[in-house]
S.K.: 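So that we are looking at the same thing, I have put the structure below in structure tokens.
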Amino acid sequence: MGSLGGGGGGAGAKVGPPALDVALAFPQATPASIFPPSVSDYYQLDDLLTDEEKALRKKVRGIMEKEIAPIMTEHWEKAEFPFHAIPKLATLGLAGGTTKGYGCPGLSLTASAISAAEVARVDASCSAIILMHAALVIPAIDLCGSEAQKQKYLPSLAQFKTIGCWALTEPGYGSDASSLRTAATKVPGGWHLDGQKRWIGNSTIADMLIILARNADTNQLNGFIVKKGAPGLKATKIENKIGLRMVQNGDVVLNKVFVPDEDRLPGINSFQDINKVFAMSRIMVAWQPIGISMGVFDMCHRYLKERKQFGAPLAAFQLNQEKLVRMLGDIQAMVLVGWRLCKLYESGKMTSGHSSLGKAWTSKKAREIVSLGRELLGGNGILADFLVAKAFCDLEPIFTYEGTYDINSLVTGREITGVASFKPAMLVKSRL
């Protein structure tokens, strides 16, 4: 027997022959690289959509299943950004989202939301990459930027010719984001930014970053466009994530980064100013768990009919059927909540409590669905090749970002009771 240290393998070298292709190793079920048909619309909720929205959903579904499904597991496993897939994602026409003009498609919020779900159905990382553009970066420039900024930045962002990121969260301020410490100090001709950001998606590969910082003079929140390679700017990848592994989340350090006056977003002068961006982005994020749940249901539905045990397909067993039905019922309810959120927003009736409840509830229900899916797939439930394990992990960061379940619940709780309960009672009393 050879020693563990012998034989020519260096650090990180693989031991033994390469793994069998999953189709050969486990021929009894089809892996997710050949994506299962969509079978989750049990109540025919597509009837709620316009012909244009249905056509867009069909287009997105086809591209994701054909172009992204075959490559997603490899990139997810390696935690690599799928650069060669960007042109394919660009063909979806979703990066510009609901913004009109400047090369953006001006989609209805409903069209943008159901498309986000279709992307997440196949791969949640790709949906997160798109949503950073469509629901944060582009709306921030569109709603809070100058006309010159819109003309300069939006066309290339909308076509994925440039990649942007949204930098709000800091190491010490996640849920309490309005208390951020990154400072913006006025200097001749512009601003100096100093501070640190964490969990910033796409930050290590972004061509431009939208940095939220506190104005040293007014103590209010301001927004700035920072270019890749700016002196004093450093972005490093956060390693060892278990979810959304293709998304390049990073730590961003700013050391007297100079931003010219023309790259300050004039419409951001307080935390309330970015709430109009969050109002839409929270709806879009609420649709990510819906899409993930659809994909998990589709995978389980096919798997249970293909996989045989005890002389019968797994679909023939009562316990498995009950779990499938439970998943399916929750998906119908999630779609209806998501659809109603879109309509409330489009009619100008949506409140922050509405969107917060939607995001909190769909992500909680999706957590239950992917857990059931993991049970249904047995041992293959821990393999990314069969989608469910990957979806199980990808849902965890979604459960947390764009407001944790708890914080979003408190936003809705404040709205329905009139009482804010974000800060501990002892802290509130000490300030009275």
Side-chain angles (χ1 to χ4, degrees), residues 40 45 109-110 112-114 116-117 119-121 124 127-128 131-132 135-136 139 166 168-169 173-178 199 201 242-244 247 271-272 274-297 326-327 329-346 349-373 391-424:
S40 66
L45 299 176
L109 183 61
T110 304
S112 194
I114 61 170
V119 177
R121 172 177 169 262
S127 75
L131 287 184
M132 288 174 207
L136 285 172
W166 170 265
L168 172 65
T169 304
Y173 299 92
S175 296
D176 190 15
S178 63
W199 293 115
I242 68 157
L244 297 179
V247 179
F271 192 80
Q272 293 304 314
I274 66 170
N275 278 338
K276 53 190 174 185
V277 178
F278 287 146
M280 184 180 67
S281 67
R282 194 156 288 153
I283 297 174
M284 298 295 289
V285 171
W287 276 86
Q288 283 186 288
I290 297 173
I292 291 171
S293 300
M294 291 174 173
V296 168
F297 179 84
R326 205 186 325 166
M327 294 162 70
D330 283 341
I331 290 170
Q332 309 314 295
M334 291 163 72
V335 171
L336 283 172
V337 167
W339 178 83
R340 182 58 182 158
L341 267 180
C342 291
K343 297 308 169 188
L344 286 170
Y345 181 91
E346 290 171 346
K349 298 177 182 178
M350 193 197 77
T351 66
S352 59
H354 288 147
S355 60
S356 290
L357 175 59
K359 192 273 173 175
W361 186 79
T362 59
S363 60
K364 185 175 187 295
K365 281 296 176 185
R367 238 183 172 191
E368 297 170 6
I369 288 170
V370 298
S371 181
L372 287 171
F392 189 100
C393 293
D394 286 342
L395 191 60
E396 287 304 291
I398 294 174
F399 189 73
T400 298
Y401 72 35
E402 196 69 28
T404 64
Y405 175 84
D406 293 345
I407 291 297
N408 274 314
S409 296
L410 294 182
V411 171
T412 306
R414 177 182 61 188
E415 189 167 284
I416 64 176
T417 66
V419 180
S421 59
F422 296 97
K423 297 179 180 179

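Numbers here are sequence positions counted from 1.
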S.K.: Given the rule in the side-chain contact (heavy atoms from CB on, under 4.5 Å) test, do E396 and R367 qualify, once you have shown the distances and angles that lead to the verdict?
M.R.: CA-CA 8 Å; E396 287 304 291; R367 238 183 172 191; 2.8 Å; yes
S.K.: Measure the spacing between CH2 of W339 and CG of L45 and express it to the nearest 0.5 Å.
M.R.: 9.5 Å
S.K.: Looking only at heavy atoms, which two atoms of E415 and G353 are closest? And how far apart?
M.R.: OE1-N, 3.0 Å
S.K.: About how many Å separate CG of L131 and CG of L136, when rounded to the nearest 0.5 Å?
M.R.: 8.0 Å
S.K.: Within the 4.5 Å heavy-atom criterion, are M334 and W287 side-chain neighbours or not?
M.R.: no
S.K.: Measure the spacing between OG of S178 and OH of Y173 and express it to the nearest 0.5 Å.
M.R.: 10.0 Å
S.K.: I'd like to know if the side chain of D394 reaches the main chain of L244, judged simply by a donor and an acceptor atom lying under 3.5 Å from each other, with no hydrogens or angles considered.
M.R.: yes
S.K.: Determine yes or no for a side-chain-to-main-chain donor-acceptor pair under 3.5 angstrom, with S281 supplying the side chain and F278 the backbone.
M.R.: yes
S.K.: To the nearest 0.5 Å, what is the distance between CG on D330 and OG on S40?
M.R.: 12.5 Å
S.K.: Do P139 and M280 have side chains that approach each other closer than 4.5 Å (heavy atoms only, starting at C-beta)?
M.R.: yes
S.K.: For the CG atom of L336 and the CG atom of L341, what is their distance to the nearest 0.5 Å?
M.R.: 11.5 Å
S.K.: Write down the atom of S352, the atom of S355, and the distance for their closest heavy-atom approach.
M.R.: O-OG, 3.1 Å
S.K.: Which heavy atom in A420 sits nearest to a heavy atom in R414, and how many Å separate them?
M.R.: CB-CD, 3.8 Å
S.K.: Looking only at heavy atoms, which two atoms of S127 and A124 are closest? And how far apart?
M.R.: OG-O, 2.7 Å
S.K.: Pair S356, R282 - check side-chain contact (heavy atoms from CB on, under 4.5 Å), show working.
M.R.: CA-CA 7 Å; S356 290; R282 194 156 288 153; 3.5 Å; yes
S.K.: Heavy-atom count around K364 NZ within 6.0 Å, excluding the residue itself: above 12?
M.R.: no
S.K.: So does A286 get a backbone contact from the side chain of T362, meaning a donor-acceptor N/O pair under 3.5 Å?
M.R.: yes
S.K.: Please evaluate residues I398 and I292 with respect to the criterion side-chain contact (heavy atoms from CB on, under 4.5 Å), reporting the C-alpha separation (whole Å), side-chain torsions for both, the decisive distance (0.1 Å), and the verdict.
M.R.: CA-CA 10 Å; I398 294 174; I292 291 171; 3.6 Å; yes
S.K.: Please confirm whether the backbone N or O of W199 pairs with a side-chain atom of T169, one donor and one acceptor, at under 3.5 Å?
M.R.: no
S.K.: Minimum heavy-atom separation for S371 to F392, with atom names?
M.R.: CA-CE1, 4.0 Å
S.K.: Find the distance between CD1 (I283) and CD (Q288) and round it off to the nearest 0.5 Å.
M.R.: 13.5 Å
S.K.: Report yes if some heavy atom in the side chain of L344 is under 4.5 Å from a heavy atom in the side chain of R340; otherwise report no.
M.R.: yes
S.K.: Counting distance only, does the side-chain N/O of N408 pair as donor-acceptor with the main-chain N or O of E402 below 3.5 Å?
M.R.: yes
S.K.: If I compare all heavy atoms of A128 with all of Y401, which pair ends up nearest, and what's the gap?
M.R.: CB-OH, 4.0 Å
S.K.: Please evaluate residues W166 and I274 with respect to the criterion side-chain contact (heavy atoms from CB on, under 4.5 Å), reporting the C-alpha separation (whole Å), side-chain torsions for both, the decisive distance (0.1 Å), and the verdict.
M.R.: CA-CA 11 Å; W166 170 265; I274 66 170; 4.2 Å; yes
S.K.: A side-chain contact here means heavy atoms from C-beta on lying under 4.5 Å apart; do L109 and M284 qualify?
M.R.: yes
S.K.: Indicate yes or no for a side-chain donor-acceptor contact from K359 to the backbone of F399 under 3.5 Å, with no hydrogens or angles considered.
M.R.: yes
